[in-house]
Amino acid sequence: MIIAIDGPAGAGKGTISKLLAKRLNAVYIDTGSMYRSLTYKVLRDNIDMTSEELVAKALKEANLEITKDDRNLLDGEDITPYIRTEEINKNISIICSYPSVREQMRVKQRAFAKNNDIVMEGRDITTEVFPDADYKFYLDASIEERTNRRVKQNEELGLESNYDEIYESIKNRDHSDMTRKYGALKRTPEQIYIDSSNMTIEEVVDYMMEVIK
Ligand code: DC
């Protein structure tokens, strides 16, 4: 079984997908963390990120893994604590815009479904990675609510969290996620649309479980 979930930054996809996967005894895959890991490598190794060729080459040479307990490994090193910074948020959009990067990511993402039931979340999962998924959801929330959630999440992680800065960063990412030529975040008639602005996490998960049953 494949459950695909797309939606904008901060809509709660991570928390909700994780809980859903637990209830369904499926594997949870956060595809944003794969793009984050690549962005981390590009920044760390001073790779020219304006070159699609060099970024695609860096991905080809990298060993990106997601462990069962949801840690992100880059060439065996646990980089989970370093991939959710504002520096990564500011630089990730250009890396996500490259077709040759997205193609490689999709191959990796499809491989996760070979031996497992999966709950996979991202931006192009319902449309490009698994257009034939068993269930497709679009999880949304207002930008104010999404900013509030990210501020709280960052505080819990001990990261900097300035409301205005995060609001702007989410707005910019929404714009580039929704307007890029290749792999844009889109709403389609096949997705089940959920606006979680006024719903608790449990309510969203319960609703999804009802749909799936
Ligand atoms: O879900 P997130 O905020 O951690 O994702 C980080 C960035 O990665 C986001 O701005 C867009 C990009 N992304 C993407 O282009 N395609 C995906 N399937 C998942 C994430």
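Start at 1 and go down the list; that is how both ligands and their atoms are numbered. Quick caveat, the model's predicted, so the values are computed rather than measured.
- Here the protein heavy atom with the shortest distance to atom 16 (N) of ligand 1 is Arg102 NH2, 2.9 Å.
- Under a 4.0 Å N-O distance rule, the pair Lys18/Asp30 does not qualify as a salt bridge.
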Check: residues 165-173 side-chain donor-acceptor pairs under 3.5 Å, at least two apart:
from   : atom 1 : to     : atom 2 : distance (Å)
Ser169 : OG     : Glu86  : OE1    : 3.2
Asn172 : ND2    : Glu168 : O      : 3.3

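- Between the side chains of Thr39 and Asn91, no donor-acceptor pair is found at a separation under 3.5 Å.
- Here the heavy atom of the protein found nearest to atom 19 (C) of ligand 1 is Thr31 OG1, 3.3 Å.
- Looking only at heavy atoms of the protein, atom 12 (C) of ligand 1 is closest to Cys96 SG, 3.3 Å.
- Checked against ring-ring contact (aromatic ring centres under 6.0 Å, His included), Tyr193 has the following partners two or more places apart in sequence or in another chain: Tyr138.
- At a heavy-atom distance under 4.0 Å, only side-chain atoms of Asp177, from C-beta outward, approach ligand 1.
- Residue, atom and distance of the protein heavy atom nearest to atom 20 (C) of ligand 1 are Gly32 CA, 3.5 Å.
- Residue contacts with ligand 1, taken as heavy atom pairs separated by less than 4.0 Å, involve Arg173 solely via side-chain atoms from C-beta onward.
- Distance from atom 2 (P) of ligand 1 to its nearest protein heavy atom, with residue and atom name: Arg123 NH2, 3.6 Å.
- Ala141 and Ser196 get closest at one heavy-atom pair: CB-OG, 3.7 Å.
- Atoms of ligand 1 found under 4.0 Å from any heavy atom of Arg180, numbered from 1 in the order shown, are 14 (C), 15 (O).
- For ligand 1, the polar-atom distance check against Asp124 finds a nitrogen or oxygen pair separated by under 3.5 Å.
- With 3.5 Å as the limit, one finds a donor-acceptor pair spanning the side chains of Gln153 and Arg150.
- Put simply, the side chain of Arg110 never gets that close to the backbone of Ala113: no donor and acceptor are under 3.5 Å apart.
- Looking at Arg36 against ligand 1, only its side chain comes within 4.0 Å, counting heavy atoms.
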